[in-house]
There are 4 protein chains.
Amino acid sequence: MRTALELFTTLGYHDTTTALIARKAGIAEGTIYRHFTSKQQLVNELYRAAQRWATKLVQDAAHDRDAGAARAQLTAIAHGLIEGAAHETAVVKLGLLERLDGVLDDESRRTRRDFQVALERVVAEGKAQNAVRAGAVEIWAAVWLATLSHALEKVVAGDWKPPDTGVRLIIDAAWRAISV
Amino acid sequence: MRTALELFTTLGYHDTTTALIARKAGIAEGTIYRHFTSKQQLVNELYRAAQRWATKLVQDAAHDRDAGAARAQLTAIAHGLIEGAAHETAVVKLGLLERLDGVLDDESRRTRRDFQVALERVVAEGKAQNAVRAGAVEIWAAVWLATLSHALEKVVAGDWKPPDTGVRLIIDAAWRAISV
Amino acid sequence: MRTALELFTTLGYHDTTTALIARKAGIAEGTIYRHFTSKQQLVNELYRAAQRWATKLVQDAAHDRDAGAARAQLTAIAHGLIEGAAHETAVVKLGLLERLDGVLDDESRRTRRDFQVALERVVAEGKAQNAVRAGAVEIWAAVWLATLSHALEKVVAGDWKPPDTGVRLIIDAAWRAISV
Amino acid sequence: MRTALELFTTLGYHDTTTALIARKAGIAEGTIYRHFTSKQQLVNELYRAAQRWATKLVQDAAHDRDAGAARAQLTAIAHGLIEGAAHETAVVKLGLLERLDGVLDDESRRTRRDFQVALERVVAEGKAQNAVRAGAVEIWAAVWLATLSHALEKVVAGDWKPPDTGVRLIIDAAWRAISV
DNA sequence: CATGAATGAGGCTTCATTCAT
DNA sequence: AATGAATGAAGCCTCATTCAT
């Protein structure tokens, strides 16, 4: 799975062949099919794990600062994601930056939804605190993440290392985009 | 080309087969190869056209409001892109929202660069006007676009129709993200 | 036809495309089909011309030295072929050195036969003069040509220029192979 | 491999399709590519095997009659090749009679060279014994083989069966062509 | 008579998946 | 449970030939 994750995020879904996964992982090609029914199921499994990781991160950050300012919660989440981009590069790539449209199954889309909902809950709290602008929370959660994504891309590409000025600027920018 | 553009943005590069393009376009498969040397060259040609369209849009908007406020220029650009997302859906999808990493050739990357540079020029003007925050223009140009992209996705998906509240909110958010 | 001849002998039958012939000849691809019903008929036409050239050469050399020694006739033929290999390279290549097995039609095989028969007539004369060894004339004609072919290959490849020692040696060797 | 060898020597390289090889061999087309990277590599592999067979034959014949007369060595080689033409028809066809110019890779050309060198060594010995005529050994080795080839063609075509008068005549002719 | 764009059959190759060992 | 050779559908591309202009 680790090998597959690495390859999917490096070469993309289509250019990652089962033969390559097996060779790099030091197993036989057929062995893959004793654990997953298909290549598609394999990415989905990896994708869901990535989503769960991100969701947990959001929930934990929110819970740790329960009743605190929404901005502080989002900042904590942002740092957590950036940290992940630096040390669990492939996970962040597959879960947040890759485009897997045609390959994801229903369960994966549901897991994705869970992550979005968790993030929206935090934004909703911000709205309750009158810190977030008027407008649907779905929009602001998505906008905040889209803005932050540029920093994630940079970190994932190795252009930026975590305690980078650019990262701080963008976390701040993401907040400005959605705050009153 | 129109058929190919439609399919590439609907199914993605890999799931769009030459046989399918030909069938939908009502031509023979071999005919594709009298106009393009390969499937890859075909996407690249389409991609470059999309980039040129976007670049021109940025340049025109900037030129029309020469010496005007950077914010007004960016707003004009945003509306132009949104308009494009509504009426030339596939062009915007292929040029700004698709992920074509492994398929683009050098010339395409150069054309992409032209677009980024054009956008950065506008942001640089904003900095000169003390309207844009401290930090590299490359970052703010990219952040502005990343933020706006969420609106483009919505419009492209048909969820939002151009004079939509969401669109106005996000254009505003993109500006807030990068302005002082 | 000249262009086609050149290409067939340079690239071989299969690697010579009708598109290439047309381009190099400065005509349209379709024009080929106003003169020949197919690519195959085109090679056959060229092949037959080459055979006729070679047959005429044999007949002329024999006639000029009518009633002379067979060896002198064969030597004259050899020099004629070598001369052809030097100045009409492509003709000799297509007619005597190329392997066109699957492409030749019945008429071409007949024309080929004519050439062989002409050569055998000379060898038969040699036998009548008790200058050629015992054994079927078909064999000795073919053996003589096979031996000479090595010189033709060398000349055709540009390794040897006509008044070359190697050429003389081989013409001599070919005669020795079949003479008493 | 046996099926491919048979087809290549019967239909030629271009008219032998991978689909045909697979069908005749009773395997799937894709299976070919688990053993060879391409159709071209497949012929090259077969070609090299044929060359090695011929080279070994030359070396063995020479070694068995070490210090013996060169003529005897060449006669032994000739009989070996004729024998091969009779019983391993396809091997001789592919290795010595086919024209594979555009398809052979560097290694194959090197293997071909090995065979020629082995044959030249025998001819050189003949020269040292003053049995072979003046002139480069490369020439006489090639001439001897070219002359013999006519017999190989006949045997390969099934026109002659090994202990045939024609064969003996030609082996003799080949020697006469190059001997003093 | 020449043109050259269009055709479509067919070639080579890849690759996710299966199954006997 | 793991293996890895075999599978065969399907993909991209070539090219001799046709035909409307």
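Chain letters run A, B, ... following the sequence lines, proteins first and then strands; every chain starts at 1.
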Rounded distance [0.5 Å steps], [atom1] in [X] versus [atom2] in [Y]:
X: D:T55; Y: D:R48; atom1: OG1; atom2: CZ; answer: 13.0 Å
X: C:L104; Y: C:Y47; atom1: CG; atom2: OH; answer: 5.5 Å
X: B:L97; Y: A:R99; atom1: CG; atom2: CZ; answer: 6.0 Å

Next item on the list: Could you verify whether a donor N or O on one side chain and an acceptor N or O on the other, from A:D105 and A:S108, lie under 3.5 Å apart?
Entry: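 A:D105 vs A:S108: donor-acceptor pair found between side chains.
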
For [X], which contact category applies under a 4.0 Å heavy-atom criterion: base, sugar-phosphate, or nothing?
X: C:I27; result: sugar-phosphate
X: B:T16; result: sugar-phosphate
X: C:T17; result: sugar-phosphate

Item checked: Pairwise 5' ranking along DNA chain E for B:I32 and D:Q40, keeping only the more 5' one ->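 Looking at the nearest nucleotide for each, B:I32 comes out on the 5' side.
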
Between [atom2] on [N] and [atom1] on [X], what's the gap in Å once rounded to a whole number?
X: C:R34; N: F:dT17; atom1: CZ; atom2: P; result: 16 Å
X: D:L42; N: E:dT13; atom1: CG; atom2: C1'; result: 14 Å
X: C:L11; N: F:dA16; atom1: CG; atom2: P; result: 12 Å
X: D:Q41; N: E:dC12; atom1: CD; atom2: P; result: 15 Å
X: D:L20; N: E:dT13; atom1: CG; atom2: C1'; result: 17 Å
X: C:E29; N: F:dA16; atom1: CD; atom2: P; result: 7 Å
X: D:I21; N: E:dG11; atom1: CD1; atom2: P; result: 11 Å
X: D:D15; N: E:dG10; atom1: CG; atom2: P; result: 14 Å

Next item on the list: State which of F:dT3, E:dT13, E:dT17 makes the closest approach to the side chain of A:T18.
Entry: E:dT17

Note to self: Nearest to the B:A28 side chain among E:dT7, F:dG8, F:dA2, which nucleotide is it?
What the structure shows: E:dT7

Item checked: Upstream residue (5' side of DNA chain F) when C:K39 and D:G26 are each assigned their closest nucleotide -> D:G26

Next item on the list: Could you check C:H14 against D:G30 and say which one's nearest nucleotide on DNA chain F is further toward the 5' end?
Entry: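 Looking at the nearest nucleotide for each, D:G30 comes out on the 5' side.
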
Counting only side-chain nitrogens and oxygens, does [X] get under 4.0 Å of the OP1 or OP2 atom of [N]?
X: A:S38; N: E:dA16; value: no
X: C:H35; N: E:dA2; value: yes
X: D:Y33; N: E:dT14; value: no

Checklist line | Atom of A:T3, atom of A:I21 and distance for their closest heavy-atom approach | finding: CG2-O, 3.8 Å

Note to self: Using Watson-Crick or G-U wobble geometry with both distances under 3.5 Å, which nucleotide pairs with F:dA1?
What the structure shows: none

